[in-house]
Amino acid sequence: MAGHSKWANIQHRKGKQDKKRAVLFARLSKEITVASKMGGPDPAMNPRLRLAVQNAKGQSVPKDNIQRAIDKGQSGGGADYVDIRYEGMGPGGVGIIVEASTDNKNRAATDVRTAFSKNGGSLGTTGSVSFGFEQMGEIEYGPEAGTADEIMEAAIMAGAQDVESDEEGHWIYTAREDLGAVADALAEHFGDKVESKSTKLIWKPNTRVPVAGDAAESLMKLLDVLDELDDVANVYDNSELSDEEMARLAGD
(Lines give C-alpha, C1' and ligand atoms only; values in the text may rest on other atoms or scores of the structure.)
Protein backbone atom coordinates (compact mmCIF):
# COMPACT_ATOMS: atom_id res chain seq x y z
CA MET A 1 0.00 0.00 0.00
CA ALA A 2 2.50 2.54 -1.16
CA GLY A 3 0.58 5.71 -1.63
CA HIS A 4 -2.18 4.67 -4.03
CA SER A 5 -3.92 1.85 -2.29
CA LYS A 6 -6.45 -0.82 -3.03
CA TRP A 7 -7.52 -0.58 0.60
CA ALA A 8 -8.49 3.06 0.08
CA ASN A 9 -10.96 2.04 -2.61
CA ILE A 10 -12.41 -0.70 -0.43
CA GLN A 11 -12.83 1.66 2.51
CA HIS A 12 -14.48 4.25 0.27
CA ARG A 13 -16.95 1.73 -1.11
CA LYS A 14 -17.78 0.55 2.39
CA GLY A 15 -19.03 4.05 3.23
CA LYS A 16 -16.16 5.00 5.51
CA GLN A 17 -15.16 8.07 3.51
CA ASP A 18 -16.62 10.66 5.92
CA LYS A 19 -14.75 9.24 8.91
CA LYS A 20 -11.58 8.84 6.86
CA ARG A 21 -11.85 12.42 5.64
CA ALA A 22 -12.11 13.74 9.20
CA VAL A 23 -9.00 11.74 10.16
CA LEU A 24 -7.19 13.01 7.05
CA PHE A 25 -8.03 16.66 7.79
CA ALA A 26 -6.83 16.30 11.38
CA ARG A 27 -3.61 14.63 10.22
CA LEU A 28 -2.88 17.30 7.61
CA SER A 29 -3.55 20.09 10.11
CA LYS A 30 -1.27 18.45 12.66
CA GLU A 31 1.57 18.27 10.13
CA ILE A 32 1.12 21.97 9.35
CA THR A 33 1.28 22.83 13.05
CA VAL A 34 4.38 20.71 13.60
CA ALA A 35 6.10 22.17 10.53
CA SER A 36 5.21 25.72 11.55
CA LYS A 37 6.58 25.22 15.05
CA MET A 38 9.79 23.61 13.85
CA GLY A 39 10.65 25.88 10.92
CA GLY A 40 8.62 29.07 11.14
CA PRO A 41 5.29 30.29 9.71
CA ASP A 42 6.47 31.32 6.23
CA PRO A 43 6.04 28.51 3.66
CA ALA A 44 8.52 30.23 1.34
CA MET A 45 11.24 29.83 3.97
CA ASN A 46 10.06 26.50 5.45
CA PRO A 47 10.09 23.57 2.96
CA ARG A 48 8.27 21.18 5.30
CA LEU A 49 5.51 23.71 5.90
CA ARG A 50 5.26 24.51 2.18
CA LEU A 51 4.74 20.82 1.43
CA ALA A 52 2.24 20.42 4.28
CA VAL A 53 0.18 23.40 3.09
CA GLN A 54 0.28 22.16 -0.50
CA ASN A 55 -0.94 18.71 0.54
CA ALA A 56 -3.72 20.23 2.64
CA LYS A 57 -4.88 22.35 -0.28
CA GLY A 58 -4.76 19.28 -2.52
CA GLN A 59 -7.25 17.58 -0.19
CA SER A 60 -9.52 20.66 -0.05
CA VAL A 61 -8.75 21.62 3.55
CA PRO A 62 -10.30 25.10 4.05
CA LYS A 63 -7.91 28.06 4.08
CA ASP A 64 -9.08 29.07 7.57
CA ASN A 65 -8.15 25.63 8.90
CA ILE A 66 -4.71 25.88 7.33
CA GLN A 67 -4.07 29.31 8.83
CA ARG A 68 -5.27 28.20 12.27
CA ALA A 69 -2.87 25.26 12.13
CA ILE A 70 0.03 27.57 11.20
CA ASP A 71 -0.90 29.99 14.00
CA LYS A 72 -1.15 27.13 16.49
CA GLY A 73 2.45 26.22 15.73
CA GLN A 74 3.51 29.80 16.47
CA SER A 75 1.47 30.29 19.62
CA GLY A 76 4.31 29.31 21.96
CA GLY A 77 4.46 26.42 24.37
CA GLY A 78 2.62 23.26 23.38
CA ALA A 79 3.95 19.83 22.71
CA ASP A 80 7.17 18.94 20.95
CA TYR A 81 6.71 16.25 18.31
CA VAL A 82 9.17 13.61 17.13
CA ASP A 83 8.95 11.40 14.05
CA ILE A 84 9.21 7.63 14.66
CA ARG A 85 9.04 4.61 12.32
CA TYR A 86 7.67 1.23 13.39
CA GLU A 87 7.95 -1.98 11.38
CA GLY A 88 6.13 -5.26 11.73
CA MET A 89 4.45 -8.25 10.10
CA GLY A 90 0.75 -8.48 9.47
CA PRO A 91 -1.58 -11.40 8.71
CA GLY A 92 -0.49 -13.45 5.70
CA GLY A 93 3.16 -12.48 6.12
CA VAL A 94 2.57 -8.94 4.91
CA GLY A 95 5.23 -6.37 5.81
CA ILE A 96 3.95 -3.12 7.32
CA ILE A 97 5.70 0.21 7.93
CA VAL A 98 4.08 2.76 10.25
CA GLU A 99 5.26 6.37 10.42
CA ALA A 100 4.19 8.33 13.48
CA SER A 101 4.52 11.92 14.64
CA THR A 102 4.01 12.06 18.39
CA ASP A 103 4.52 14.09 21.54
CA ASN A 104 4.49 10.90 23.64
CA LYS A 105 6.73 8.08 22.41
CA ASN A 106 5.53 5.62 25.06
CA ARG A 107 1.88 6.14 24.12
CA ALA A 108 2.60 5.81 20.40
CA ALA A 109 4.63 2.63 20.86
CA THR A 110 1.97 1.05 23.08
CA ASP A 111 -0.87 1.91 20.69
CA VAL A 112 0.97 0.57 17.64
CA ARG A 113 2.10 -2.60 19.42
CA THR A 114 -1.43 -3.23 20.69
CA ALA A 115 -2.88 -2.74 17.21
CA PHE A 116 -0.51 -5.37 15.82
CA SER A 117 -0.96 -7.90 18.62
CA LYS A 118 -4.78 -7.70 18.67
CA ASN A 119 -5.14 -8.05 14.90
CA GLY A 120 -2.94 -10.99 13.98
CA GLY A 121 0.35 -9.14 13.57
CA SER A 122 3.61 -8.68 15.40
CA LEU A 123 5.78 -5.59 15.83
CA GLY A 124 9.42 -6.02 14.82
CA THR A 125 12.59 -3.99 15.08
CA THR A 126 13.66 -1.07 12.91
CA GLY A 127 14.93 -2.45 9.61
CA SER A 128 13.14 -5.78 9.92
CA VAL A 129 10.67 -4.84 7.16
CA SER A 130 11.96 -1.68 5.47
CA PHE A 131 14.77 -3.56 3.70
CA GLY A 132 12.04 -4.87 1.38
CA PHE A 133 10.84 -1.38 0.52
CA GLU A 134 12.36 1.61 -1.24
CA GLN A 135 11.87 5.14 0.04
CA MET A 136 10.99 7.37 -2.86
CA GLY A 137 8.95 10.41 -3.81
CA GLU A 138 5.30 10.17 -4.81
CA ILE A 139 3.21 12.90 -6.44
CA GLU A 140 -0.50 12.25 -6.87
CA TYR A 141 -2.78 13.92 -9.40
CA GLY A 142 -6.47 13.37 -9.98
CA PRO A 143 -7.83 11.91 -13.24
CA GLU A 144 -8.68 15.42 -14.45
CA ALA A 145 -4.95 16.14 -14.88
CA GLY A 146 -4.93 14.27 -18.21
CA THR A 147 -4.69 10.87 -19.87
CA ALA A 148 -2.17 8.26 -18.80
CA ASP A 149 -0.03 9.04 -21.86
CA GLU A 150 -0.13 12.79 -21.21
CA ILE A 151 0.89 12.35 -17.57
CA MET A 152 3.62 9.90 -18.51
CA GLU A 153 5.10 12.38 -20.99
CA ALA A 154 4.94 15.27 -18.49
CA ALA A 155 6.47 13.12 -15.74
CA ILE A 156 9.36 11.96 -17.90
CA MET A 157 10.09 15.54 -18.94
CA ALA A 158 10.06 16.55 -15.25
CA GLY A 159 12.60 13.86 -14.33
CA ALA A 160 10.35 11.23 -12.74
CA GLN A 161 11.20 7.52 -12.64
CA ASP A 162 7.79 5.89 -13.09
CA VAL A 163 4.04 6.54 -13.35
CA GLU A 164 1.00 4.46 -12.41
CA SER A 165 -2.45 5.48 -13.66
CA ASP A 166 -5.99 4.15 -13.28
CA GLU A 167 -9.52 5.54 -13.15
CA GLU A 168 -8.81 7.04 -9.71
CA GLY A 169 -5.87 9.18 -10.87
CA HIS A 170 -2.14 9.22 -11.46
CA TRP A 171 0.82 8.45 -9.16
CA ILE A 172 4.22 9.74 -10.22
CA TYR A 173 7.31 8.25 -8.59
CA THR A 174 10.70 9.92 -8.21
CA ALA A 175 14.05 9.28 -6.63
CA ARG A 176 14.01 10.39 -3.00
CA GLU A 177 16.32 13.34 -3.62
CA ASP A 178 14.43 14.44 -6.76
CA LEU A 179 10.96 14.83 -5.23
CA GLY A 180 11.08 18.61 -4.83
CA ALA A 181 12.50 19.29 -8.28
CA VAL A 182 10.02 16.99 -10.06
CA ALA A 183 7.08 18.40 -8.08
CA ASP A 184 8.10 21.96 -9.01
CA ALA A 185 8.52 21.04 -12.69
CA LEU A 186 5.08 19.43 -12.80
CA ALA A 187 3.50 22.38 -11.01
CA GLU A 188 5.00 24.67 -13.63
CA HIS A 189 3.79 22.37 -16.42
CA PHE A 190 0.19 22.35 -15.20
CA GLY A 191 0.10 25.96 -14.03
CA ASP A 192 -3.26 26.96 -12.56
CA LYS A 193 -5.15 24.24 -14.44
CA VAL A 194 -4.69 21.51 -11.84
CA GLU A 195 -2.94 21.00 -8.49
CA SER A 196 -1.42 17.84 -7.08
CA LYS A 197 -3.43 16.05 -4.40
CA SER A 198 -0.32 15.10 -2.44
CA THR A 199 3.47 15.25 -2.65
CA LYS A 200 5.42 13.13 -0.17
CA LEU A 201 8.10 10.58 0.52
CA ILE A 202 6.69 7.05 0.69
CA TRP A 203 7.85 3.47 1.23
CA LYS A 204 7.20 1.50 -1.96
CA PRO A 205 7.52 -2.30 -1.75
CA ASN A 206 10.05 -4.02 -4.00
CA THR A 207 7.87 -7.15 -4.13
CA ARG A 208 4.29 -7.83 -3.05
CA VAL A 209 2.76 -10.63 -0.99
CA PRO A 210 -0.50 -12.19 -2.24
CA VAL A 211 -3.12 -12.33 0.50
CA ALA A 212 -6.72 -13.61 0.51
CA GLY A 213 -9.48 -15.03 2.69
CA ASP A 214 -9.34 -14.65 6.46
CA ALA A 215 -5.82 -13.22 6.29
CA ALA A 216 -7.01 -10.43 3.98
CA GLU A 217 -9.89 -9.58 6.33
CA SER A 218 -7.59 -9.51 9.35
CA LEU A 219 -5.06 -7.42 7.47
CA MET A 220 -7.67 -4.84 6.49
CA LYS A 221 -8.78 -4.59 10.11
CA LEU A 222 -5.19 -4.08 11.27
CA LEU A 223 -4.54 -1.40 8.64
CA ASP A 224 -7.77 0.36 9.59
CA VAL A 225 -6.87 0.38 13.29
CA LEU A 226 -3.36 1.67 12.61
CA ASP A 227 -4.59 4.35 10.23
CA GLU A 228 -7.00 5.72 12.84
CA LEU A 229 -4.44 6.09 15.66
CA ASP A 230 -3.90 9.75 16.56
CA ASP A 231 -0.11 9.50 16.47
CA VAL A 232 0.09 7.70 13.12
CA ALA A 233 0.94 9.75 10.04
CA ASN A 234 1.31 7.09 7.32
CA VAL A 235 0.91 3.33 6.91
CA TYR A 236 2.48 1.29 4.08
CA ASP A 237 2.34 -2.43 3.32
CA ASN A 238 3.34 -4.85 0.58
CA SER A 239 0.10 -6.80 0.19
CA GLU A 240 -1.36 -7.78 -3.17
CA LEU A 241 -5.06 -8.57 -3.61
CA SER A 242 -6.86 -9.92 -6.65
CA ASP A 243 -9.80 -7.99 -8.09
CA GLU A 244 -12.08 -10.79 -6.89
CA GLU A 245 -10.75 -10.51 -3.34
CA MET A 246 -11.18 -6.73 -3.33
CA ALA A 247 -14.77 -7.11 -4.53
CA ARG A 248 -15.47 -9.63 -1.77
CA LEU A 249 -13.98 -7.40 0.93
CA ALA A 250 -15.94 -4.43 -0.42
CA GLY A 251 -19.15 -6.42 -0.04
CA ASP A 252 -19.97 -6.53 -3.75
Identify the heavy atoms of [X] and [Y] that sit nearest to each other, and give their distance.
| X | Y | value |
| --- | --- | --- |
| Glu217 | Arg248 | OE2-NH1, 2.6 Å |
| Tyr141 | Ala145 | CB-CB, 3.8 Å |
| Asn46 | Ala35 | ND2-O, 2.8 Å |
| Ala158 | Ala185 | CB-CB, 3.7 Å |
| Arg48 | Val34 | NH2-CG1, 3.8 Å |
| Asp166 | Trp171 | OD1-CZ3, 3.4 Å |

Identify whether NZ of Lys or CZ of Arg in Lys204 sits under 6.0 Å from the centre of the six-membered ring of Tyr173 and within 45° of that ring's axis.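 Judged by the rule (NZ or CZ under 6.0 Å from the ring centre, within 45° of its axis), Lys204 counts as positioned above Tyr173.
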
Is it true that the side chains of [X] and [Y] contain a donor and an acceptor less than 3.5 Å apart?
| X | Y | answer |
| --- | --- | --- |
| Asn104 | Thr102 | no |
| Thr125 | Glu87 | no |
| Asp71 | Gln67 | yes |

For the CD atom on Glu188, are there more than 12 heavy atoms of other groups (residues, nucleotides or ligands in this structure) within a distance under 6.0 Å?
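It does not: Glu188 CD has 12 such atoms or fewer within range.
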
Tyr86/Phe116 aromatic ring centres below 6.0 Å |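 Ring centres of Phe116 and Tyr86 not closer than 6.0 Å.
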
side-chain contact (heavy atoms from CB on, under 4.5 Å) evaluation trace for Lys105 with Ile84: CA-CA 8 Å; Lys105 292 188 288 185; Ile84 307 174; 3.4 Å; yes

Would you check if [X] and [Y] make a side-chain contact, meaning some heavy-atom pair closer than 4.5 Å?
| X | Y | answer |
| --- | --- | --- |
| Ile70 | Thr33 | no |
| Gln135 | Ile202 | no |
| Val129 | Ile96 | no |

Answer with yes or no whether the hydrophobic clustering places [X] together with [Y]; edges join I, L, V, M, F, W, Y residues whose side-chain heavy atoms lie under 4.5 Å apart.
| X | Y | answer |
| --- | --- | --- |
| Phe190 | Ile156 | yes |
| Val225 | Val232 | no |
| Ile66 | Met38 | no |

Requested in this report: Assess whether side-chain hydrogen bond (donor to acceptor under 3.5 Å, both in side chains) is satisfied between Glu140 and Ser196, documenting all intermediate values.
Outcome: CA-CA 6 Å; Glu140 178 184 354; Ser196 65; over 6 Å; no

Working for side-chain contact (heavy atoms from CB on, under 4.5 Å), residues Glu240 and Val211
CA-CA 6 Å; Glu240 181 175 25; Val211 60; over 6 Å; no

